[in-house]
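The figures that follow rest on heavy atoms only: side chains count, while hydrogens, waters and symmetry mates do not.
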Amino acid sequence: TQLLKQSPQFLSIQEGENLTVYCNSSSVFSSLQWYRQEPGEGPVLLVTVVTGGEVKKLKRLTFQFGDARKDSSLHITAAQPGDTGLYLCAGATGANNLFFGTGTRLTVIP
Amino acid sequence: IAGITQAPTSQILAAGRRMTLRCTQDMRHNAMYWYRQDLGLGLRLIHYSNTAGTTGKGEVPDGYSVSRANTDDFPLTLASAVPSQTSVYFCASRRGAIAGDEQFFGPGTRLTVL
């Protein structure tokens, strides 16, 4: 059962452009995380959002948790080649497990 | 450097063979996890362990088994590998019991079953 769907699945943009990645579900999550994964490596945590409507900023990255805690978005301003990677959202529904989204593969072209 | 190590890095395996993927962490984290990553499906949880001596089933446990004899090690065994188990396998750990805490991932094992 895939609880979290991300869109788009693939995204290729020019350096300096803005972009938004979406993470959607019909389930309510107690918290939601965003990870970034580079080729040949494991995912690395970027941010955790907990409260419905919460917005967190990490330099050029802005993360938002939906009011109903069912969805989230990641907005990147003025993308740079170093932003290239696989972005994964992950929702927590209970004490143990994270459910990961399907992933968005971002390529930023210099 | 503290973290998670996985072995082997990659493996090609004949169908029907037994295989154990190794995972060791030196952060003294209580919880450990095994995921498989397949294109278009993201990361799916296979098995987890909240603390040494306990294990639980995740989303896709069939064909896999785990053990947690101590805090540091969490091996994943495929008793009789099948081609559908071709995937990249990631081990992860988490310090506490709250699902929203950060999970730390190993570098992965790329497994091909022929």
Do [X] and [Y] sit in the same hydrophobic cluster, where Ile, Leu, Val, Met, Phe, Trp and Tyr count as joined when their side-chain heavy atoms come under 4.5 Å apart?
{"X": "B/M32", "Y": "B/V60", "value": "yes"}
{"X": "B/Y89", "Y": "B/L13", "value": "yes"}
{"X": "B/F90", "Y": "B/M19", "value": "no"}
{"X": "B/L21", "Y": "B/V113", "value": "yes"}
{"X": "B/L45", "Y": "B/Y64", "value": "no"}

Contact class of [X] relative to chain B, heavy atoms under 4.5 angstrom:
{"X": "A/Q6", "value": "neither"}
{"X": "A/E41", "value": "backbone"}
{"X": "A/L45", "value": "both"}
{"X": "A/L86", "value": "side chain"}
{"X": "A/F29", "value": "neither"}

Subject >> Min side-chain heavy-atom separation A/L98-B/Y48 under 4.5 Å >> reply: no
Original post:
Taking the side chain as C-beta and beyond, is there a heavy-atom pair between B/L41 and A/T102 under 4.5 Å?
Top reply: no
**OP:** Begin with the C-alpha distance, continue with both residues' side-chain angles, and end with the deciding distance and a verdict on side chain to side chain contact (heavy atoms under 4.5 Å, CB included) for B/Q103 and A/Y35.
**Re:** CA-CA 10 Å; B/Q103 287 195 15; A/Y35 289 79; 3.6 Å; yes
Original post:
Looking at CG of B/L39 and CZ of A/R105, how far apart are the two atoms once the value is rounded to the nearest 0.5 Å?
Top reply: 7.5 Å
Subject >> Rounded distance (nearest 0.5 Å) linking atom CD of B/E59 with atom CZ of A/F100 >> reply: 11.5 Å
Subject >> Residue-level interface, residues 46-79 of chain A with chain B, non-hydrogen cut-off under 4.5 Å >> reply: A/T48
**OP:** Give a yes or no on whether A/R36 atom CZ has more than 12 heavy-atom contacts from other residues, nucleotides or ligands under 6.0 Å away.
**Re:** yes
**OP:** Answer yes or no: does atom CG of B/L114 have more than 12 heavy-atom neighbours from other residues, nucleotides or ligands under 6.0 Å?
**Re:** yes
Subject >> Per-residue contact mode, B/Q37 against chain A (heavy atom under 4.5 angstrom) >> reply: side chain
Original post:
So what's closer than 4.5 Å to chain A heavy atoms on B/F104: side chain, backbone, both or neither?
Top reply: neither
